[in-house]
Amino acid sequence: MPMSIKDRLRAGTVLGAEGYVFELERRGYIKAGPFVPEVVLDFPDAVRELHREFLRAGADVMVALTYYAHREKLRDVGREGDLEAMNRQAVRIAREVAREGGALVAGNVCNTWAYDPDDPATRQVVRASYAEQLGWAVEEGIDFVISETNDYLGEALIALEVISDLGLPAMVTLAPTQPDKTRDGYGYAEACRILAAEGAQIVGLNCDRGPQTMLPLIAGIRERVDCAIAVQPVPYRTDKAAPTMETLRSPDGERAFPVALDSFVCTRFEMAHFALQARELGVDYVGICCGAGPHHIRAMAEALGREVPAGKYSPSMDLHPMFRADVAAKDAAFLHSWMG
Ligand SMILES: [Zn+2]
């Protein structure tokens with residue numbers, strides 16, 4: 001039995017790893033645009049492999065790839081009939097890999113795009129969507145649930161209710177696309193306080209913002225809530241002028257989101273630094289979202305003092321022919337030309 005999420009949080013920082021959709025899109029298994037995780041049924045080995053890479057890099061949690069695997073989204077790509085199979089298989093794959101390294105399995109739900117705070121009827125649509133996804137996930141075996149990229153506190157509260165009804169611990173995070181409030185007008189810290197008061201074990205932020213623009217918001221949340229908090233930024237260099245990945249622009253003014261963000265990617269060192277900053281702020285669950293690669297996660301794990309399986313191949317520049325202390329005379333000329 002792996003240690004529960006509650007015990008892990010009590011013991012120290014939990015390291016999360018997400019960004020499956022973006023990474024599998026880059027690898028050619030998910031279509032950008034709809035971003036539906038058809039890969040779960042079409043290329044299960046690709047999903048298994050990415051889970052394994054994140055596990056070897058030090059992730060404590062394998063998040064089932066059920067992001068956008070809900071009825072509304074599957075209808076968009078004509079695969080509504082595959083809904084149950086996709087959800088069940090995603091959890092099965094996550095479990096299978098989690099067992100290889102004592103990681104936890106998280107069920108996953110996200111914003112549905114169906115919720116409208118001004119239309120009460122949409123509450124039932126959202127609730128039904130979460131209930132069917134998580135019902136299957138529970139049957140396949142999950143340890144807790146991550147409800148994420150919530151734009152509306154109202155929608156996040158529906159997810160929290162469904163998770164609580166299933167008797168599972170809930171981690172509920174908001175997508176901070178706006179300067180300081182959810183789409184239904186709650187300050188991020190206030191929304192997190194409400195979610196905690198309603199029973200969420202972990203609250204916080206994920207996606208959209210890079211480390212630089214997400215950390216100030218998380219500091220405000222830390223001040224307002226007593227429960228565990230989570231932060232999972234995207235590994236992109238967002239700043240004051242472009243605080244979210246959606247607002248980043250290429251030098252010629254083109255929108256970089258979602259498939260031209262490459263030149264904004266943070267290095268592993270920047271993400272390692274972020275992990276330490278987050279821990280320093282009192283964040284309990286430190287992770288990473290869209291854009292993440294296993295190298296980021298390994299660097300974060302090692303910065304947090306972990307020894308991880310993939311650490312066997314962490315950089316040893318002292319063994320590089322050009323960077324070692326005793327560069328051979330015949331090679332020193334190369335270094336000269338590398339100075340530019
Ligand atoms: Zn994301």
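We count ligands from 1, going down the list as the structure has it; atoms in each ligand are counted the same way. Because only heavy atoms are used, hydrogens play no part in the values below, and waters and symmetry mates are left out as well, while side chains stay in.
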**Q.** CA sep, side-chain torsions, deciding dist, call: Asn108, Glu148, side chain to side chain donor-acceptor pair (under 3.5 Å)
**A.** CA-CA 8 Å; Asn108 185 249; Glu148 63 181 355; 3.0 Å; yes

Q: Kindly state each residue pair satisfying ring pair (Phe, Tyr, Trp, His ring centres under 6.0 Å) with at least one member in residues 182-240, sequence neighbours excluded.
A: none

Q. So which protein N/O/S atoms does the Zn ion (ligand 1) have within less than 2.8 Å?
A. Cys207 SG, Cys289 SG, Cys290 SG

Please tabulate, for the side chains in residues 293-303, all donor-acceptor contacts under 3.5 angstrom to protein atoms that are two or more places apart in sequence or on a different chain.
| from | atom 1 | to | atom 2 | distance (Å) |
| --- | --- | --- | --- | --- |
| His296 | ND1 | Gly293 | N | 3.1 |
| His296 | NE2 | Cys266 | O | 2.8 |
| Arg298 | NE | Ser314 | OG | 3.4 |
| Arg298 | NH1 | Ala310 | O | 3.1 |
| Arg298 | NH1 | Tyr313 | O | 3.3 |
| Glu302 | OE1 | Ser314 | OG | 3.1 |
| Glu302 | OE2 | Ser314 | OG | 2.8 |

Q) Can you name the nearest heavy-atom pair linking Ala69 to Asn87, along with the distance? A) O-ND2, 2.9 Å

Q) Just how far is it from atom CD of Gln178 to atom CG of Asp208, taken to the nearest 0.5 Å? A) 10.0 Å

Q) Among all residues two or more places apart in sequence or in another chain, which pass the side chain to side chain contact (heavy atoms under 4.5 Å, CB included) test with Ala103? A) Leu55, Met62, Ala98

